[in-house]
Structures are given as C-alpha cells and as structure tokens.
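Before any comments, here is the structure.
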Amino acid sequence: QVQLVESGGGLVQPGGSLRLSCAASGSIFSIYAMGWYRQAPGKERELVATMSSGGSTNYADSVKGRFTISRDNAKNTVYLQMNSLKPEDTAVYYCYVVRGDGLGYWGQGTQVTVSS
C-alpha cells in the first residue's frame with residue numbers, strides 16, 4: 001500500500017502562486033508515473049500534469065506555461081508549482097501515483113481557491 005499526503009493548498013489571489021507537495025510513503029518499490037489532477041465544482045476530474053519515470057512531462061493546455069510538475073526522488077515527493085493563477089484554476093487537486101506493478105494510488109485532495 002502507498003499513502004499520498006498532499007499539502008500546500010489554500011486561498012490565493014488571481015495572479016498569485018502556490019506550490020503543492022505530495023509525499024509518498026509505504027510500499028514504494030518503483031514508480032511508473034505520477035501526476036496531478038483536479039476537479040472543479042460541477043466538472044469532471046481532469047488531468048493537470050503528469051511525469052513519467054523517465055522524466056517526460058505532459059500538461060493540460062489550460063495550464064501550459066503556468067504550472068510545472070517536478071519530483072524529488074530521494075524524498076519520494078512530487079510537486080506542482082502553480083504560477084499566474086486564475087479563478088478558473090479553483091478546484092480540488094489530487095496527487096496520483098502509478099507504481100511499477102501497475103497499481104494506482106490517489107491522495108485525499110487539497111483545495112485550491114483563487115479569488116480576489
């Protein structure tokens with residue numbers, strides 16, 4: 001079992017920045033991929049950013065150029081740096097990790113609210 005603990009969410013003004021962290025613990029043998037998803041009220045959960053084990057990244061068109069996914073392998077932590085935040089970015093953000101054996105794990109989610 002892998003546990004994912006997210007932190008860094010909160011309230012921020014439009015144009016501001018926020019950095020989310022997701023620390024993994026438990027039975028971590030290898031990581032196939034990791035990423036961030038979000039779900040806004042009344043909308044489907046959507047992909048925000050992903051990173052493969054090889055370091056390849058992908059971003060939703062809506063966040064390209066503003067968000068950056070990164071990782072610290074030594075700390076088993078993945079980050080999401082969010083800059084130039086917009087009200088449309090308001091959502092619950094979820095960390096997701098796919099272990100090398102194919103099992104996937106979700107974090108509990110952290111609320112990000114962008115409002116003036």
Side-chain angles (χ1 to χ4, degrees):
Q1 182 70 262
V2 173
Q3 293 79 44
L4 304 178
V5 179
E6 298 148 320
S7 62
L11 175 65
V12 66
Q13 317 181 77
S17 297
L18 216 54
R19 183 181 177 87
L20 305 183
S21 298
C22 176
S25 62
S27 301
I28 305 171
F29 305 107
S30 64
I31 301 297
Y32 175 75
M34 59 191 72
W36 291 91
Y37 291 72
R38 68 185 181 188
Q39 187 164 22
K43 301 187 69 176
E44 297 291 328
R45 186 173 296 187
E46 65 175 348
L47 170 71
V48 176
T50 61
M51 176 176 282
S52 71
S53 59
S56 178
T57 59
N58 285 287
Y59 298 92
D61 288 340
S62 60
V63 307
K64 286 181 180 177
R66 300 189 297 120
F67 291 11
T68 303
I69 185 171
S70 62
R71 68 188 180 195
D72 185 331
N73 291 332
K75 296 180 179 180
N76 289 317
T77 300
V78 60
Y79 305 94
L80 184 68
Q81 178 66 47
M82 305 184 293
N83 299 325
S84 301
L85 284 162
K86 306 174 181 180
E88 305 90 87
D89 296 317
T90 296
V92 176
Y93 285 70
Y94 298 90
C95 178
Y96 184 66
V97 169
V98 181
R99 206 165 66 177
D101 60 3
L103 295 178
Y105 301 89
W106 290 97
Q108 289 297 114
T110 183
Q111 177 70 47
V112 171
T113 302
V114 185
S115 177
S116 59

dist S52:OG -> M34:CE (nearest 0.5 Å) comes out at 9.0 Å
For the side chain of E6 and the backbone of G109, is there at least one donor-acceptor N/O pair under 3.5 Å apart?
yes
Would you name the heavy atoms of Q39 and K43 that are closest together and state the gap between them?
NE2-O, 3.2 Å
What donor-acceptor contacts under 3.5 angstrom involve side-chain atoms of residues 8-20, with partners at least two apart or in another chain?
from: S17; atom 1: OG; to: N83; atom 2: OD1; distance (Å): 2.9
from: R19; atom 1: NH1; to: Q81; atom 2: OE1; distance (Å): 3.4

For residues Y94 and R38, determine if any side-chain heavy atom of one lies less than 4.5 Å from a side-chain heavy atom of the other.
no
Enclosure of E46 CD (heavy-atom neighbours >12, cutoff 6.0 Å):
yes
So M51 and R71, do their side chains get closer than 4.5 Å, heavy atoms only?
yes
Can you find a pair of side-chain heavy atoms, one from V48 and one from Y59, that are under 4.5 Å apart?
no
Can a donor-acceptor pair be found, under 3.5 Å and without considering hydrogens, that links the side chain of T77 to the backbone of K75?
yes
I want to check something: taking the side chain as every heavy atom from C-beta on, are V114 and E88 in contact at a cut-off of under 4.5 Å?
no
Any Lys/Arg nitrogen of K64 or D61 sitting under 4.0 Å from an Asp/Glu carboxylate oxygen of the other?
yes
Just so I know, are the side chains of F67 and L80 near enough to count as touching, which here means a heavy-atom distance under 4.5 Å?
yes
So CG of L47 and CG of N58: to nearest 0.5 Å the spacing works out to 7.5 Å
Does the side chain of Y79 reach to within under 4.5 Å of the side chain of I69, using non-hydrogen atoms?
no
Within the 3.5 Å criterion, strictly below it, is a donor on T113 or Q111 matched to an acceptor on the partner's side chain?
yes
Run the side chain to side chain contact (heavy atoms under 4.5 Å, CB included) test on Q108 and C95 for me, step by step, so that the C-alpha distance in whole Å, both residues' side-chain angles and the decisive distance to 0.1 Å come before the verdict.
CA-CA 8 Å; Q108 289 297 114; C95 178; over 6 Å; no
Keeping to residues at least two apart or across chains, list the ring pair (Phe, Tyr, Trp, His ring centres under 6.0 Å) pairs with something in residues 97-116.
Y37-W106, Y96-W106
Answer whether the closest heavy-atom distance between the side chains of Y32 and V97 falls below 4.5 Å.
no
Between V2 and Y93, is there shared hydrophobic-cluster membership here, with clusters defined by ILVMFWY side-chain heavy atoms closer than 4.5 Å?
yes
